[in-house]
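Please read all numbers here as calculations on a predicted model, not as lab measurements. Values reported hereafter were calculated over all heavy atoms of this structure, with side chains retained and with hydrogens, waters and symmetry mates removed.
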Amino acid sequence: MPGTLDLSIDLALAGLAVGSAAALSGVGLVVTHRVTGVLNLAQGAQATATAYLLRELVVVRNWPLAPAAAFCLLVAAPALGVLLDLAVFRPLRRRDAGQAESMVAGIGVFVLLTGVILLVWGTTPFGDAPAVVPATVIARPGGHALRLDTLVQLAVVLGLAGGVGLVERYTAFGVRLRAVVDNRRLARLAGIDADRISAAGWAFGSFTAGLVGVLLAPLLLLDPYSLPLLVMATGLGLGIAQSELTRLRPGGQLLPLAQAVQTNLFVVALLVAALLPWGRGQDGPGLATSGGRPGRRGSSAARTACAVLLLLPLGFRPEDLRHALLVPALALVLLSVVVVTGYGGQVSLGQAGYAGLGALGTALLMSGKVPGVPALPAVPALLLAVAATVPLGLLTGRPAVRRRGLALALVTFAVGTALSRLVFDQPYATTGLTVSRLGLPADDQGFYLVELVLLGAGLLLVRSLHRGPPGRALTAMRDHQAGASAAGVDVPRLKLLVFMAGAGLAALGGALTALAEQGFDATAFDPVRGLLWFATVVVAGADSAAGAVLAAALLTGLDAGTLPGVSAVVVGALATAIGRLPGGLAGLARRLADRPATGLTPLGHRLRRRIAERSR
């Protein structure tokens with residue numbers, strides 16, 4: 001027993017190094033949210049960007065560690081926070097944008113920063129991130145190693161948390177801050193510069209995010225995906241529990257799963273927190289849509305553009321057609337977001353998980369790895385995988401009955417992240433998979449035609465959901481859920497239908513992705529990609545099926561024809577400006593199509609009115 005207790009203490013001390021750094025993220029999130037009302041979903045990307053910048057200055061450009069760390073933490077990170085406030089969130093706040101638009105803007109910032117990281121530093125993980133505080137052992141009380149970095153990080157957590165409380169309670173700035181938090185409009189009337197308070201909140205939140213990234217990077221591999229997800233899970237107990245779980249060593253096939261839980265404990269905590277009945281979320285203005293059905297001219301132009309882009313690859317060379325095979329598959333995944341978010345008004349950040357289930361299920365059925373089921377050709381395997389995934393849409397559909405807004409976003413993201421880390425990355429599920437086009441045309445051109453047929457079927461399904469009585473019920477639920485329920489719409493059943501249809505479309509797209517690549521790649525369904533897909537649909541027009549198809553072609557073309565990260569930068573930049581693009585690009589196209597036939601721009605119309613007024 002003494003040996004077991006000693007081991008537990010050693011593991012707990014080791015876990016405090018990671019747990020204390022992650023707890024700093026919670027301090028920054030709370031302060032930013034209290035001051036601005038925005039839950040900063042991009043904090044993980046801010047932490048990762050700061051860590052990459054410090055490595056660039058120290059390892060690549062040979063800066064001394066102290067001035068490099070001071071520049072990154074005291075200049076670059078706070079400046080990034082102030083920039084986000086000025087360029088992204090302050091315009092949304094001034095026009096009283098809803099919670100959904102602020103969330104999309106935060107996702108846009110996350111995607112934009114991730115794209116910049118990919119563009120500048122690539123996807124190769126780095127294991128040489130500089131340590132600001134060395135991990136040297138300074139004492140051995142009771143024979144247990146106590147490291148310097150653990151003590152410093154604990155002191156920083158306690159110092160920042162206590163300092164925030166003291167500033168808020170006992171300083172003049174704290175009084176103004178409380179006034180802004182309690183009632184922003186009354187604070188403005190009292191002469192308080194609320195914008196300056198918000199900028200300070202963003203600067204502090206970005207500073208803590210940068211500090212988290214700098215402290216965690218030496219303990220983990222520095223890569224664009226894992227660190228942002230880890231930062232999103234906060235709490236000191238996570239690091240302690242993660243170290244304690246390293247003692248769990250089950251045998252057989254349970255060992256990889258236990259190791260996955262130990263490595264990705266933050267995913268388990270995120271999923272548990274999401275599924276606990278801690279709230280319904282908030283109602284409020286949802287995502288701005290394109291404003292109903294587009295005019296005949298705009299609709300025919302969109303359909304023509306889709307047809308041209310989809311048929312054009314049939315004339316490509318074989319090496320170029322290989323990249324185009326992903327367009328119909330990605331279009332189906334994006335259509336699933338259109339159905340759930342654009343038509344149903346439900347925020348879903350986990351569609352990448354259902355796409356991965358479709359791909360993995362197809363691969364397992366074709367490989368004969370499902371007990372009691374022989375190896376199947378491509379078509380039966382694809383259909384069975386999609387049919388099996390549709391009921392799993394209840395994983396997010398059932399919580400959606402009682403959750404809305406950010407609460408629902410947390411549920412869907414948690415489900416997608418858990419599927420990625422605990423299913424797709426595990427060797428017992430993905431080892432020895434065989435994916436071929438048995439039963440389908442072997443050449444790329446023939447397979448592409450099959451994809452077009454399946455995409456057409458998906459578009460017909462989406463059209464049937466958007467037109468007629470189902471479309472009216474979905475529109476009523478999206479625009480005003482309580483009013484739709486009062487009008488006799490069975491809202492819970494409709495939500496379940498929407499999520500199940502979205503899961504089926506995403507699974508079909510994922511299965512086609514596996515068949516196009518003739519293999520299963522877990523990184524293709526990473527939850528960060530799911531955020532990119534969600535932001536892409538919102539930018540294209542949340543309720544535009546044609547926009548989703550065009551966006552799939554754009555994303556695939558940018559990824560194939562440019563450097564990795566360019567598509568994320570483009571989509572992220574547009575998503576941060578969603579407050580100025582109500583309805584996305586589809587809404588902009590509709591407004592241009594409905595413009596008066598004078599040929600004047602809106603500015604031209606305003607100038608003409610002013611001239612007419614002066615002439616009177």
Side-chain angles (χ1 to χ4, degrees), residues 18 21-22 42-63 65 68-69 72 76-77 80 109-132 135 209-210 212-233 259-260 263-264 266-267 322-323 326 330 352 356 359 416-417 420-421 424-427 430-431 513 517 519-533 555-573:
V18 176
Q43 192 174 49
Q46 291 175 262
T48 306
T50 306
Y52 269 98
L53 178 60
L54 179 63
R55 181 192 175 275
E56 175 73 17
L57 294 178
V58 174
V59 177
V60 179
R61 303 188 183 276
N62 297 317
W63 281 36
L65 179 59
C72 291
L80 177 59
V109 174
F110 185 101
V111 171
L112 175 61
L113 292 177
T114 302
V116 170
I117 292 171
L118 290 171
L119 194 61
V120 176
W121 290 289
T123 59
T124 303
F126 295 117
D128 57 349
V132 176
V212 169
V214 167
L215 293 177
L216 282 180
L219 306 175
L220 310 166
L221 283 177
L222 184 58
D223 72 89
Y225 296 126
S226 298
L227 185 56
L229 292 178
L230 177 59
V231 174
M232 296 179 75
Q259 291 174 337
T263 306
N264 299 283
F266 70 98
V267 175
R322 171 71 59 174
H323 297 295
L326 297 176
L330 181 57
T417 304
S420 172
R421 295 298 187 263
F424 304 155
D425 287 342
Q426 299 313 305
T430 59
T431 301
T513 300
E517 298 286 353
F520 175 77
D521 182 9
T523 61
F525 310 104
D526 192 273
V528 175
R529 287 185 180 268
L531 295 179
L532 172 63
W533 294 341
L555 280 182
T556 305
L558 285 174
D559 288 338
T562 60
L563 297 175
V566 171
S567 61
V569 170
V570 172
V571 171

Worksheet, complete the sentence: In short, Leu222 meets Ala51 closest at the heavy-atom pair CD1-CB, 3.8 Å
Discussion item. Enumerate the side-chain hydrogen bond (donor to acceptor under 3.5 Å, both in side chains) contacts for residues 555-564, please, sequence neighbours excluded, ordered by first and then second residue.
Written reply: Asp559-Ser567
Worksheet item: Taking side chain as C-beta onward, heavy atoms only, is Thr123 less than 4.5 Å from Asp223?
Response: no
Response to the item:
Here the gap from Leu531 atom CG to Thr417 atom OG1, rounded to the nearest 0.5 Å, amounts to 7.5 Å
Item to complete: For Val571 and Leu532, run side chain to side chain contact (heavy atoms under 4.5 Å, CB included): C-alpha distance rounded to whole Å, both residues' side-chain angles, the deciding distance at 0.1 Å, then the answer.
Response: CA-CA 7 Å; Val571 171; Leu532 172 63; 3.9 Å; yes
Worksheet entry | Rounded distance [0.5 Å steps], CG in Leu558 versus CG in Leu563 | 11.0 Å
Worksheet item: Atom CG of Leu555 and atom CG of Leu326: how far apart are they, to the nearest 0.5 Å?
Response: 11.0 Å
Item to complete: Run the numbers on Phe424 and Asp526 for side chain to side chain contact (heavy atoms under 4.5 Å, CB included), then give the verdict.
Response: CA-CA 9 Å; Phe424 304 155; Asp526 192 273; over 6 Å; no
Worksheet item: Where do Ala209 and Ala47 come nearest, in terms of heavy atoms and distance?
Response: O-CB, 3.0 Å
Discussion item. Restricting to non-hydrogen atoms, name the atom on Thr114 and the atom on Pro224 that form the minimum distance, rounded to 0.1 Å.
Written reply: CG2-O, 4.1 Å
Worksheet item: Are any of the side-chain heavy atoms of Thr50 and Val214 separated by less than 4.5 Å?
Response: yes
Fill in: Distance-minimising heavy-atom pair for Ala131 and Leu65
O-CD2, 3.4 Å
Worksheet item: Side chains of Thr513 and Phe525: closer than 4.5 Å at any heavy-atom pair?
Response: yes
Worksheet item: Is Ser420 reaching over with its side chain to a backbone N or O of Gly416, donor-acceptor style, under 3.5 angstrom?
Response: no
Worksheet item: How long is the gap from OG1 on Thr124 to CG on Leu118, to the nearest 0.5 Å?
Response: 10.5 Å
Worksheet item: Minimum heavy-atom separation for Val569 to Gly115, with atom names?
Response: CG2-C, 3.5 Å
Item to complete: State, to 0.1 Å, how close Ala42 and Phe110 come at their nearest heavy-atom pair, and which atoms those are.
Response: CB-N, 3.7 Å
Discussion item. Tell me whether Arg55 contacts the main-chain N or O of Asp128 through its side chain, where contact means a donor paired with an acceptor under 3.5 Å.
Written reply: no
Worksheet item: How many angstroms lie between atom CG of Leu57 and atom OH of Tyr52, to the nearest 0.5 angstrom?
Response: 14.5 Å
